[in-house]
Amino acid sequence: ELHRSGRSKQEIYDETGSTLALNNVSFEVMPGETFVLMGLSGSGKSTLLRCINRLIDPTEGEIRINGENIVGMGQDELRATRRRKLGMIFQSFALLPHRTVLDNVAFGLEIQGVPADERHRKAEEVLQMVGLGGYGASMPGELSGGMKQRVGLARALTSDPDILLMDEAFSALDPLIRRDMQDELLDLQQRLGKTIIFVTHDLDEALKLGDRIALMKDGAIVQIGTPEEILTNP
Ligand code: ADP
Ligand code: ADP
């Protein structure tokens, strides 16, 4: 049980507790697995992903990464765990518009105080990995949506995290580009063997990318299974 995220009951959005965004959610993700969280808007997918990254705190429960419960961790320990284990990729890319592609990718390393030559070497390396070698000097505004998301992917890979958290990462892209990025992710997964937790509301995407899929409804997981199981037992 390398990566487990378990039991998180929560009322995080409302002190009065009228919004229970997640309720009795419990599951385990295996190393190297692509685990898809799928469900309609408002079903709790993003909240769950943000709990795993501890951008928000569950009011109850445990989230274990390599056996270590990250709920209740102090800020320093949490930051170190996030840096070493987790890479997050957003639908909106979250790139800094006035910095070059290379500086965007190297930004996390810069914050950690990694010297310029070393972080630039690392940034070049991950840009190559996502097929953007040679684009380091470009500005984000010059890139297409697909390329921007490759930059987002590269940025998440700089710390060589075990786990990638992807929140509707391809949902803003044109259909053809989106398909390219899905193929790219499958390919990258083959090569790097990352554990991926992928949020989407798109069934086709879930079936294509997921080793297993968790169907969410009203803050709960109503079914977990392989694509075959999900298709044959809806
Ligand atoms: P997604 O479906 O991609 O999670 P949403 O449209 O649900 O996106 O949410 C977009 C943003 O609005 C998120 O930051 C989310 O936390 C926030 N949000 C969602 N629902 C509410 C709500 N009922 N009240 C306040 N903020 C919300
Ligand atoms: P999804 O990602 O599946 O669209 P969310 O995790 O964004 O679902 O939302 C789960 C529930 O929490 C919804 O009822 C949503 O309205 C609520 N919610 C999400 N973000 C916020 C927020 N920032 N403030 C208040 N309610 C929120």
Side-chain angles (χ1 to χ4, degrees), residues 3-29 33-65 69-72 75 78 82 85-95 145 148-149 152-153 156 161 163-175 178 181-182 185 194-227 229-231 234:
H3 315 300
R4 164 197 293 199
S5 127
R7 262 173 263 285
S8 46
K9 229 178 221 161
Q10 58 176 54
E11 300 145 29
I12 48 175
Y13 294 128
D14 185 347
E15 294 299 321
T16 67
S18 64
T19 306
L20 196 59
L22 292 172
N23 191 7
N24 260 320
V25 169
S26 183
F27 63 100
E28 207 168 313
V29 180
E33 180 177 40
T34 300
F35 191 87
V36 174
L37 298 172
M38 183 33 235
L40 298 176
S41 185
S43 60
K45 309 181 296 293
S46 302
T47 302
L48 183 49
L49 207 65
R50 276 179 243 156
C51 284
I52 296 171
N53 206 9
R54 257 201 61 191
L55 291 171
I56 49 183
D57 272 319
T59 47
E60 267 183 57
E62 296 185 338
I63 298 168
R64 297 188 172 278
I65 299 178
N69 186 9
I70 63 166
V71 178
Q75 276 306 319
L78 178 65
R82 244 195 226 133
K85 315 267 190 206
L86 300 174
M88 181 111 179
I89 295 145
F90 305 91
Q91 173 174 359
S92 54
F93 316 123
L95 301 179
K148 281 184 193 148
Q149 198 51 297
L153 202 50
I163 307 169
L164 294 178
L165 304 176
M166 305 184 66
D167 192 357
E168 300 276 8
F170 304 149
S171 302
L173 304 176
D174 294 337
R178 184 171 186 169
M181 291 301 291
Q182 292 166 346
L185 186 67
K194 299 290 180 195
T195 303
I196 299 173
I197 303 182
F198 193 100
V199 163
T200 184
H201 61 268
D202 185 278
L203 179 61
D204 289 335
E205 186 164 74
L207 294 171
K208 177 172 175 179
L209 297 179
D211 293 311
R212 283 188 306 149
I213 299 163
L215 292 181
M216 296 193 70
K217 187 166 186 273
D218 300 334
I221 292 179
V222 292
Q223 192 185 357
I224 295 186
T226 62
E229 287 165 349
I230 298 286
L231 273 180

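Quick note: residue numbers are just sequence positions, from 1. The figures that follow rest on heavy atoms only: side chains count, while hydrogens, waters and symmetry mates do not. First listed ligand is number 1; within each ligand, the first listed atom is number 1.
Judged by distance alone, with hydrogens and angles left aside, the side-chain atoms of Lys45 form a donor-acceptor pair with the main-chain N or O of Gly39 at under 3.5 Å.
Inter-residue side-chain proximity for Ile70 and Arg82 is flagged as unmet; no heavy-atom pair is nearer than 4.5 Å. At least one side-chain heavy atom of Leu185 sits less than 4.5 Å from a side-chain heavy atom of Met166.
A search for side-chain contact (heavy atoms from CB on, under 4.5 Å) contacts involving Val71 returns Pro58, Ile63, Asn69, not counting sequence neighbours. Residues meeting the side-chain contact (heavy atoms from CB on, under 4.5 Å) test with Asp202, sequence neighbours left out: Arg178, Thr200, Asp204, Glu205.
Numbered from 1 in the order shown, with element, the atoms of ligand 2 that lie under 4.0 Å from a heavy atom of Ser41 read 4 (O). The distance from ligand 2 to the heavy atoms of Thr47 drops below 4.0 Å at these ligand atoms: 5 (P), 6 (O), 9 (O), 10 (C).
Taking 4.0 Å as the cut-off, Leu40 counts as a neighbour of ligand 2 on heavy-atom distance.
The residue from Ser43, Gly219, Ser46, Ala21 that puts a heavy atom closest to atom 7 (O) of ligand 2 is Ser46.
No N or O atom of Arg50 sits closer than 3.5 Å to an N or O atom of ligand 2.
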